[in-house]
Amino acid sequence: IQRERVQLELADSARWRYLWAMTVTVASDVEEFLRDQVRLGVCSDASQLFNDVLRSIRGQQQKPFETTADLTNMYGSSTVNLPASLLLWSAGGLAGRPALRDAGADLARTLLVVQALVGPVKLLAHRERPDGTNHLSFPSGHTANAFAMARLVHLRHGRAWGMPLYALGALTAAGRLEDDRHYLSDVVMGSAVGVVAANCAVWGFAENPRLSVAPLPGGRGLSLAWAL
């Protein structure tokens, strides 16, 4: 009995070694295939397939996010939400409402960090948009803004308040895909950048007294200060 048990254990060990070797071999083959495809330009972006399928669906039926896209495009736009945060900040200060002022300051800091992260990456990536309008596709700034605001509310007020805004962020991403402004990987990276930006704004800027952001006189912009 003891000898049979040892033989079974050896057989099991050999079987697992064989399966592991086969897994490594298949993984290597897949990696080499994908590398060849990237070199040939056949599969330069895995999300391209997703967008091709999405375009095909668009040709067959009405856009599922057509109703919400206009709203979420405005919600995720820096030309809308950044001035709104400054207005909230200023209104809180003028009205003597510290909570309102601090909320505006949090939002402005977060959106500024988003711009600091997204802008340089867009220029470096130089990825053409699916609609061909420019080369600022990667990552999605609208999605980054939307998820940054969701993460900020989550951190400050809890998950129950943050979840609806995460859903709004997902709608923003879907709208950008449907409008042919971004690839799937653009909005996925945008959502990650937004979460990171909010974390930096709350855990870095807001909780570090040496770092401060303040509006310039006349509402012409913002100043970033570092106290040594």
Side-chain angles (χ1 to χ4, degrees), residues 68-95 97-125 129 133-157 161-162 164-176 179 181-182 186-208 211-226:
T68 60
D70 291 340
L71 175 63
T72 55
N73 282 339
M74 184 180 299
Y75 172 71
S77 173
S78 298
T79 59
V80 174
N81 50 47
L82 190 53
S85 69
L86 296 176
L87 182 62
L88 188 65
W89 191 356
S90 302
L94 292 174
R97 302 279 296 276
L100 192 63
R101 181 198 62 209
D102 293 344
D106 267 348
L107 185 57
R109 272 191 294 263
T110 300
L111 294 173
L112 278 175
V113 175
V114 170
Q115 300 310 307
L117 294 175
V118 169
V121 176
K122 279 181 175 288
L123 295 176
L124 290 173
R129 292 188 187 274
T133 53
N134 57 43
H135 288 79
L136 299 174
S137 185
F138 182 86
S140 169
H142 284 68
T143 307
N145 285 332
F147 273 87
M149 291 186 283
R151 178 61 174 167
L152 174 63
V153 172
H154 180 184
L155 291 174
R156 289 304 194 196
H157 304 288
W161 289 93
L165 293 185
Y166 283 123
L168 189 54
L171 281 176
T172 301
R176 300 301 284 171
D179 285 347
R181 298 291 288 170
H182 288 288
D186 298 340
V187 298
V188 171
M189 180 57 71
S191 64
V193 169
V195 170
V196 170
N199 289 343
C200 291
V202 172
W203 296 333
F205 286 77
E207 297 181 2
N208 190 335
L211 293 168
S212 63
V213 181
L216 293 173
R220 292 176 297 173
L222 294 174
S223 67
L224 176 64
W226 172 272

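Every value quoted in this text rests on a predicted model; they were computed, and no experiment measured them.
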Identify all side-chain donor-acceptor contacts of residues 113-125 below 3.5 Å with residues at least two apart in sequence or on another chain.
{"unit_1": "Gln115", "atom_1": "NE2", "unit_2": "Ser78", "atom_2": "OG", "d": "2.6"}
{"unit_1": "Gln115", "atom_1": "NE2", "unit_2": "Asn145", "atom_2": "OD1", "d": "3.4"}
{"unit_1": "Lys122", "atom_1": "NZ", "unit_2": "Leu136", "atom_2": "O", "d": "2.5"}
{"unit_1": "Lys122", "atom_1": "NZ", "unit_2": "Pro139", "atom_2": "O", "d": "2.8"}

Qualifying residues under side-chain hydrogen bond (donor to acceptor under 3.5 Å, both in side chains), relative to Arg129, sequence neighbours excluded: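 Here the qualifying residues are Asn134, His182.
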
Any donor-acceptor N/O pair, Ser90 side chain to Leu87 backbone, under 3.5 Å: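 A pair under 3.5 Å: no.
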
Check against side chain to side chain contact (heavy atoms under 4.5 Å, CB included), Leu82 and Ser85: CA-CA 5 Å; Leu82 190 53; Ser85 69; 3.8 Å; yes

Any side-chain heavy-atom pair of Val202 and Arg109 under 4.5 Å: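 The answer is no; the side chains never approach within 4.5 Å.
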
Sub-4.5 Å side-chain heavy-atom contact between Leu86 and Pro83: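 The answer is no; the side chains never approach within 4.5 Å.
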
Roughly how far, to the nearest 0.5 Å, is the [atom2] atom of [Y] from the [atom1] atom of [X]?
| X | Y | atom1 | atom2 | answer |
| --- | --- | --- | --- | --- |
| Leu165 | Met149 | CG | CE | 8.0 Å |
| Trp89 | Asp102 | CH2 | CG | 9.5 Å |
| Leu112 | Leu107 | CG | CG | 9.5 Å |

Considering all heavy atoms, the nearest Thr143-Arg176 contact: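 Scanning both residues completely, I find the closest heavy atoms to be OG1-CG, 4.3 Å.
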
For the student: nearest non-hydrogen atoms of Asn81 and Tyr75, plus distance: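 Where Asn81 meets Tyr75 most closely, the heavy atoms are ND2-O, 3.0 Å.
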
Partners passing side-chain contact (heavy atoms from CB on, under 4.5 Å) against Thr110 (at least two apart in sequence or in another chain):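 With sequence neighbours excluded, Thr110 shows a side-chain contact (heavy atoms from CB on, under 4.5 Å) to Ala148, Leu152, Ala198, Ala201, given in chain and number order.
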
Pairing residues for Val80 by the side-chain contact (heavy atoms from CB on, under 4.5 Å) criterion, not counting sequence neighbours: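 Partners of Val80 by the side-chain contact (heavy atoms from CB on, under 4.5 Å) criterion, ordered by chain and then number, come out as Met74, Ser77.
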
Pairs touching residues 192-201 that satisfy side-chain hydrogen bond (donor to acceptor under 3.5 Å, both in side chains), sequence neighbours left out: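 Qualifying pairs, neighbours excluded: Arg151-Asn199.
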
Parallel, tilted or perpendicular: ring planes of Phe147 versus Tyr166, cut at 30 and 60 degrees: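 It falls in the tilted class, 30° to 60°.
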
Under the salt bridge (Lys or Arg N to Asp or Glu O under 4.0 Å) test, residues paired with Arg181 that sit two or more places apart: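 So Arg181 forms a salt bridge (Lys or Arg N to Asp or Glu O under 4.0 Å) with Asp131.
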
